[in-house]
Undergrad: 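Just passing along the structure, written as structure tokens.
We're numbering straight along the sequence, starting at 1. What you see is a predicted model; the values in this text were computed from it and never measured.
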Amino acid sequence: LNNLHEIKNIILFFKKSAPKELIFQITNMSSVLMNFLHKDGSLALFNGSNNFYIKEINQLIRQETDIKPKEFYEINNGISSYTDKNKKIFMDVVLPTNYLINNNLHASTLSFELSCLNEKIITNCGSVEKRVGQKPEYLRYSAAHSTVILNNTNISELVAKKSYKRIPKNIYFNSEINEGYTIWNASHDGYLNNFNKIIRRKLIIANNKNLIFGEDSIIPTKLKSKKISYSIRFHLMPYCNCLLTNDKKSIIIKTKLNQTWIFKSNSLISLENSIYIGNGKRIEQNNQIVINGTIDDKKKIENWSFTKS
């Protein structure tokens, strides 16, 4: 996008009219880029993105006037997004399809991020800004993302020289609106070959209300499956202060702008340490909410919710 602006400026310098195709692409790309910004103005942290160049990105966006973010309501491969007056939600439903794409992806299938009222709440861990040399592999792991992980194993197997050795072959995503709620249904088979399991994630998003219901399902495809562990992780921003309630099924979250959110689960939950690298350089400590359990050959469903009080 920056290069297209430079080309446009060169053309205008010579007092020529910029081609309509160039103007269209600048407007279109600016609209797409605007959609990947959270309510706090930061970029969504998926597949190696960070906020190292956020100042330059905002300058690019401001060069275009009277354009709106391009919404992605119906997608089958990419980053899904939901926006209303208060909140923004993203989900990773990228299907690895070729070497170039695979080489830059994180093992973050069905991870999501949430921002509300000028603050980000749920995040992925981020990525280091490093143009030369190899980036830390652990930031690409599934556990560094707000998603469902089986047996502490990456959804996609990361292999440095061979890109992805094991990847989801099928990722399903559907969005619908029903009685004031936007409902996302998604699934992947990234754990099919090694654990005989399908993962499904359902988000029920209250339109223009600060309420989200989640349903994560682990579905066996083979009888007499070996018992394995699972964890569902929700990484919080570093400025979120957390208090685990006595029943260990709820967490009170307080933000720097004094928002209060309640996370509830039908199962026991815990708070664990995590790291956050939002600007690509500085490592910050943060908390993550974790639902742990085990599954064998019976379907397992974990229900949870985020509510602003």
Undergrad: If you look at every heavy atom in Pro238 and Gln285, which pair is closest and at what distance?
TA: CB-O, 3.6 Å
Undergrad: Could you check if a side-chain atom of Ser127 sits within less than 4.5 angstrom of a side-chain atom of Ser49, using non-hydrogen atoms only?
TA: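 Answer no - side chains too far apart.
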Undergrad: Is it the case that the side chain of Thr27 and the backbone of Ile23 share a donor-acceptor pair, with hydrogens and angles ignored and the cut-off at 3.5 Å?
TA: yes
Undergrad: Under 6.0 Å between ring centres, would you say that holds for Phe90 and Phe112?
TA: no
Undergrad: For Asn286 and Met237, run side chain to side chain contact (heavy atoms under 4.5 Å, CB included): C-alpha distance rounded to whole Å, both residues' side-chain angles, the deciding distance at 0.1 Å, then the answer.
TA: CA-CA 6 Å; Asn286 62 332; Met237 290 295 289; over 6 Å; no
Undergrad: Do Cys116 and Gln259 have side-chain heavy atoms sitting under 4.5 Å apart?
TA: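 They are in contact (side-chain heavy atoms under 4.5 Å apart), so the answer is yes.
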Undergrad: Testing the basics here: between Leu150 and Phe195, what is the closest heavy-atom pair and its distance to 0.1 Å?
TA: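 Answer, listing the atom of Leu150 first, then Phe195: O-CE1, 3.9 Å.
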Undergrad: Which pairs with one or both residues in residues 236-249 pass side chain to side chain donor-acceptor pair (under 3.5 Å), sequence neighbours excluded?
TA: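 Counting only pairs at least two positions apart or across chains, the side chain to side chain donor-acceptor pair (under 3.5 Å) contacts touching residues 236-249 are Thr245-Asp247.
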Undergrad: Looking at Ser142 and Asn154, would you say the former's side chain and the latter's main chain have a donor-acceptor pair under 3.5 Å?
TA: no
Undergrad: Out of curiosity, Asp92 CG to Thr147 OG1, how far, rounded to the nearest 0.5 Å?
TA: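 Here the rounded value is 8.0 Å.
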Undergrad: Let me check something: do Ile291 and Leu268 share a hydrophobic cluster, defined by ILVMFWY side-chain heavy atoms less than 4.5 Å apart, either directly or through other members?
TA: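 No, Ile291 does not connect to Leu268 through the hydrophobic network.
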Undergrad: If the condition is salt bridge (charged side-chain N to carboxylate O under 4.0 Å, His left out), which residues does Asp84 pass it with, not counting sequence neighbours?
TA: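 Salt bridge (charged side-chain N to carboxylate O under 4.0 Å, His left out) list for Asp84, sorted by chain: Lys87.
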Undergrad: Using the side chain to side chain contact (heavy atoms under 4.5 Å, CB included) rule, take Ile122 and Trp261 through it: C-alpha gap first, then chi angles, then the decisive distance, then the call.
TA: CA-CA 11 Å; Ile122 305 298; Trp261 286 79; over 6 Å; no
Undergrad: Would you compute the distance between atom CG of Asn2 and atom CD of Glu6 and round it to the nearest 0.5 angstrom?
TA: 5.5 Å
Undergrad: Assigning hydrophobic clusters by single linkage (Ile, Leu, Val, Met, Phe, Trp, Tyr; side-chain heavy-atom cutoff under 4.5 Å), is Ile198 placed with Ile167?
TA: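 In one cluster with Ile198: Ile167, no.
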Undergrad: For Thr153, does its backbone N or O pair with a side-chain atom of Tyr191 as donor and acceptor, under 3.5 Å?
TA: yes
Undergrad: If you compare all heavy atoms of Ile251 against all heavy atoms of Cys242, which two are closest, and at what distance to 0.1 Å?
TA: CG2-CB, 4.0 Å
Undergrad: Indicate whether any N or O donor in one side chain lies under 3.5 Å from an N or O acceptor in the other, for Thr83 and Lys88.
TA: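 A pair is found: one side chain offers a donor N or O, the other an acceptor, under 3.5 Å apart.
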Undergrad: Check the pair His235 / Thr123 against side-chain hydrogen bond (donor to acceptor under 3.5 Å, both in side chains), numbers first and verdict last.
TA: CA-CA 5 Å; His235 297 269; Thr123 184; over 6 Å; no
Undergrad: How long is the span from the SG atom in Cys240 to the CD atom in Gln288, to the nearest 0.5 Å?
TA: 13.0 Å
Undergrad: Compare every heavy atom of Ser30 with every heavy atom of Ile67, then report the nearest pair and how far apart it is.
TA: CD1-CB, 3.6 Å
Undergrad: Residues in side-chain contact (heavy atoms from CB on, under 4.5 Å) with Ile283, at least two apart?
TA: Ile275, Ile277
Undergrad: Within the 3.5 Å criterion, strictly below it, is a donor on Lys8 or Asn3 matched to an acceptor on the partner's side chain?
TA: no
Undergrad: Does Ser309 have any side-chain contact (heavy atoms from CB on, under 4.5 Å) partners at least two apart in sequence or in another chain, and if so, which?
TA: Thr260, Ile262
Undergrad: Run the side chain to side chain contact (heavy atoms under 4.5 Å, CB included) test on Ser250 and Phe263 for me, step by step, so that the C-alpha distance in whole Å, both residues' side-chain angles and the decisive distance to 0.1 Å come before the verdict.
TA: CA-CA 5 Å; Ser250 300; Phe263 176 87; over 6 Å; no
Undergrad: State, without any angle test, whether Ser42 and Asp40 hold a side-chain donor-acceptor pair at a distance under 3.5 Å.
TA: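 Yes, side-chain donor-acceptor contact under 3.5 Å.
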Undergrad: Hydrophobic clustering (ILVMFWY, side-chain heavy atoms < 4.5 Å, transitive) - are Leu257 and Leu236 grouped together?
TA: no
Undergrad: Within this structure, what is the CG-CG distance for the pair Leu95 and Asn170, rounded to the nearest 0.5 Å?
TA: 7.5 Å
Undergrad: With sequence neighbours left out, write down each residue that passes side-chain contact (heavy atoms from CB on, under 4.5 Å) with Phe52, or none if nothing qualifies.
TA: Asn50, Glu129, Lys281
Undergrad: Looking at Ala107, is its backbone amide N or carbonyl O close enough to the side chain of Tyr141 to form a donor-acceptor pair, meaning the two atoms are under 3.5 Å apart?
TA: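 The answer is no, because no donor-acceptor pair under 3.5 Å joins these two groups.
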Undergrad: Within the distance-only criterion (no hydrogens, no angle test), does the side chain of Asn279 pair as donor or acceptor with the backbone N or O of Arg282 below 3.5 angstrom?
TA: yes
Undergrad: Distance check, rounded to the nearest 0.5 Å: Asn58 atom CG versus Ile61 atom CD1?
TA: 5.5 Å
Undergrad: Following the transitive rule for hydrophobic clusters with a side-chain heavy-atom cut-off under 4.5 Å over Ile, Leu, Val, Met, Phe, Trp and Tyr, establish whether Ile26 and Leu37 coincide in one cluster.
TA: yes
Undergrad: In the hydrophobic clustering that connects Ile, Leu, Val, Met, Phe, Trp and Tyr at side-chain heavy-atom distances below 4.5 Å, which members other than Leu117 occupy its cluster, ordered by chain and number?
TA: none
Undergrad: With sequence neighbours left out, which residue pairs that include part of residues 262-277 fulfil the salt bridge (Lys or Arg N to Asp or Glu O under 4.0 Å) condition?
TA: Arg233-Glu272
Undergrad: Other members of the hydrophobic cluster containing Phe13, with the 4.5 Å side-chain heavy-atom rule, please.
TA: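 Phe13 clusters with Ile10, Phe14.
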Undergrad: Roughly how far, to the nearest 0.5 Å, is OH of Tyr276 from CG of Asn287?
TA: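 Rounded to the nearest 0.5 Å, the CG-OH separation comes out at 14.5 Å.
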Undergrad: Under 6.0 Å between ring centres, would you say that holds for His145 and His106?
TA: yes
Undergrad: Taking atom types as modelled and ignoring hydrogens, do the side chains of His188 and Thr109 form a donor-acceptor contact shorter than 3.5 angstrom?
TA: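 Note: His188 and Thr109 side chains miss the donor-acceptor criterion.
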Undergrad: Show me, pair by pair, the donor-acceptor contacts under 3.5 angstrom made by side chains of residues 199-219, not counting sequence neighbours?
TA:
residue	atom	partner	partner atom	Å
Arg201	NE	Asp216	OD1	2.7
Arg201	NH1	Leu110	O	2.9
Arg201	NH1	Ser146	O	3.1
Arg201	NH2	Asp216	OD2	2.9
Asn207	OD1	Tyr82	OH	3.1
Asn207	OD1	Thr182	N	3.4
Asn207	OD1	Thr182	OG1	2.8
Asn207	ND2	Gly180	O	3.3
Asp216	OD2	Trp304	NE1	3.0

Undergrad: Residues two or more places apart in sequence or in another chain: which of them pass salt bridge (charged side-chain N to carboxylate O under 4.0 Å, His left out) with Arg62?
TA: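 Once residues adjacent in sequence are excluded, Arg62 has no partner under the salt bridge (charged side-chain N to carboxylate O under 4.0 Å, His left out) criterion.
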Undergrad: Enumerate the salt bridge (Lys or Arg N to Asp or Glu O under 4.0 Å) contacts for residues 109-119, please, sequence neighbours excluded, ordered by first and then second residue.
TA: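 Listed by first then second residue: Glu113-Lys120.
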Undergrad: I'd like to check the ring pair (Phe, Tyr, Trp, His ring centres under 6.0 Å) partners of Phe46; sequence neighbours left out, ordered by chain and number.
TA: none
Undergrad: Does the His38 side chain pair with the main chain of Asn118, one donor and one acceptor, at a distance under 3.5 Å?
TA: no
Undergrad: Kindly give the heavy-atom pair with the smallest separation between Arg166 and Ile155, and that separation in Å.
TA: NH1-O, 2.8 Å
Undergrad: Donor-acceptor pair, distance only, cut-off 3.5 Å: does the side chain of Ser111 make one with the backbone of Ser108?
TA: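 Pair found, side chain donor or acceptor close to backbone of Ser108.
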Undergrad: Is the shortest heavy-atom distance from the side chain of Asn51 to the side chain of Leu45 under 4.5 Å?
TA: yes
Undergrad: Treat each ILVMFWY residue as a node, draw an edge where side-chain heavy atoms are under 4.5 Å apart, and state whether Met91 and Tyr181 are in one component.
TA: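 As far as the 4.5 Å side-chain criterion goes, Tyr181 and Met91 are not connected within one cluster.
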Undergrad: How close do Leu139 and Cys125 get, counting heavy atoms only, and between which atoms?
TA: CD2-CB, 4.2 Å
Undergrad: Carefully, step by step, assess Trp184 and Asn174 under the rule side chain to side chain contact (heavy atoms under 4.5 Å, CB included).
TA: CA-CA 6 Å; Trp184 286 355; Asn174 172 261; over 6 Å; no
